[in-house]
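Okay, structure first, notes after.
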Amino acid sequence: MLGSGVPEDRPLARKDNRPPEQTRPTRFTRSFTDLPGSVLSECGNTKVLCTVSIQEQVPIWMANRHAGGWLTAEYAMLPGAGQPRKPRDGRTGRPPDGRSLEIQRLIGRALRSSLDLAVLPEMTFWIDCDVIQADGGTRTTAINGAAVALYDALLFLEERRQLPTWPLRGLVAATSVGLVDGEPLIDLDYREDSSAEVDLNVVTSDSGNLIEIQGAAEKKPFSNEQLQTMLGMATNACVEIRKVQKQALGLPDAAPADAQ
Ligand code: UDP
């Protein structure tokens with residue numbers, strides 16, 4: 001027994017007594033800087049600045065193919081975003097951080113899936129996700145904020161009559177889910193993430209379908225049944241996150257984000 005009278009084998013309560021299926025408070029602050037899309041995305045203590053810059057050309061491998069536009073993403077953590085301080089990418093003479101590369105490719109794939117690239121003029125959307133403060137779930141917080149920032153960047157182009165048709169299929173939403181002491185928990189903070197036996201990141205489409213699942217048994221293998229439970233919880237949580245995204249954008253809950 002611990003001094004508090006709590007049995008030692010009992011899992012620690014979640015911060016703020018958060019129920020297992022509940023995400024942390026989620027908030028999107030639009031027009032955070034002056035770019036066409038600029039959103040401060042917050043999930044609990046995790047804060048990510050998500051910006052969209054528009055370049056009027058496509059990558060060399062797409063040039064002269066008349067195949068539409070492109071979207072790509074970069075992700076980085078500011079040195080003081082986590083503990084201990086992390087040197088800025090590229091400052092130590094070592095190759096780029098593999099974790100950052102993995103995360104930025106995930107963000108790029110997630111956001112590309114929400115766009116009909118073929119109907120875009122030749123242009124590239126650069127999604128930059130910079131983690132200001134990290135407390136678990138930085139990649140999912142980045143995806144959620146980037147979806148809102150991309151919507152704003154498209155509105156910017158539409159106002160300037162630079163879009164032949166509205167190319168967005170909907171808003172992507174993402175969350176993490178894991179097993180901590182055998183219990184499935186949504187949206188792990190750093191403390192939970194570091195003791196999780198399983199950690200999944202789940203990206204969903206506006207219609208609630210799955211776009212990508214990233215996950216691994218970090219301590220012990222998990223069953224198909226546990227996977228299904230976690231996926232069910234994650235897709236439900238994404239419905240709630242999408243409501244907050246739509247609220248931030250002033251869109252009605254039920255309206256698909258492809259309707260203007
Ligand atoms: N983290 C950190 N420094 C690092 C990598 C991770 O402080 O270089 C912390 C940070 O709080 C992050 C958490 O570990 O959110 C979990 O990292 P993970 O790689 O699982 O990615 P995330 O959950 O942030 O998408």
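Bear in mind that the values here come from a model prediction, so they are computed numbers and not experimental data. Whatever order the structure lists ligands and atoms in, that order sets their numbers, starting from 1.
Distances below 4.0 Å separate heavy atoms of Lys86 from the following atoms of ligand 1: 8 (O).
The single protein non-hydrogen atom nearest to atom 10 (C) of ligand 1 is Ala134 CB, 3.6 Å, given as residue, atom name and distance. Nearest to atom 20 (O) of ligand 1 among the protein's heavy atoms is Asp193 OD2, 3.6 Å. Residue, atom and distance of the protein heavy atom nearest to atom 13 (C) of ligand 1 are Tyr190 CD1, 3.7 Å. For atom 19 (O) of ligand 1, the nearest non-hydrogen atom of the protein is Arg99 NE, 2.7 Å. Shortest contact from atom 23 (O) of ligand 1 to any protein heavy atom: Gly137 N, 2.9 Å. The closest protein non-hydrogen atom to atom 3 (N) of ligand 1 is Met77 CE, 3.6 Å.
Here's the thing with Arg139: one of its N/O atoms is less than 3.5 angstrom from an N/O atom of ligand 1.
Within 6.0 Å of CD on Gln228 lie more than 12 heavy atoms contributed by other residues, nucleotides or ligands. The 12-atom threshold is exceeded at CZ of Arg85, counting heavy atoms of other residues, nucleotides or ligands nearer than 6.0 Å.
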Show me the donor-acceptor pairs within less than 3.5 Å that the side chains of residues 117-127 make with the rest of the protein, sequence neighbours left out.
| unit_1 | atom_1 | unit_2 | atom_2 | d |
| --- | --- | --- | --- | --- |
| Thr124 | OG1 | Gln57 | O | 2.6 |
| Trp126 | NE1 | Gln55 | OE1 | 2.7 |

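Between Asp135 and Arg24 there is a salt bridge, since at least one side-chain N of the basic residue sits less than 4.0 Å from a carboxylate O of the acidic one. No salt bridge links Asp130 with Lys47; every basic N to acidic carboxylate O contact stays at or beyond 4.0 Å. In this structure, Arg105 does not pair ionically with Glu74, as no charged nitrogen and carboxylate oxygen lie closer than 4.0 Å. A salt bridge does not link Glu102 to Arg99: none of the charged nitrogens lies less than 4.0 Å from a carboxylate oxygen. A salt bridge is absent between Glu197 and Lys219; no separation between the charged side-chain nitrogens and carboxylate oxygens falls under 4.0 Å.
For Asn201, no heavy-atom contact with ligand 1 is shorter than 4.0 Å. Heavy atoms of Thr138 found under 4.0 angstrom from ligand 1 belong to the backbone as well as the side chain.
Atom 11 (O) of ligand 1 has its nearest heavy-atom neighbour, among Gly82, Ser194, Gly136, in Gly136.
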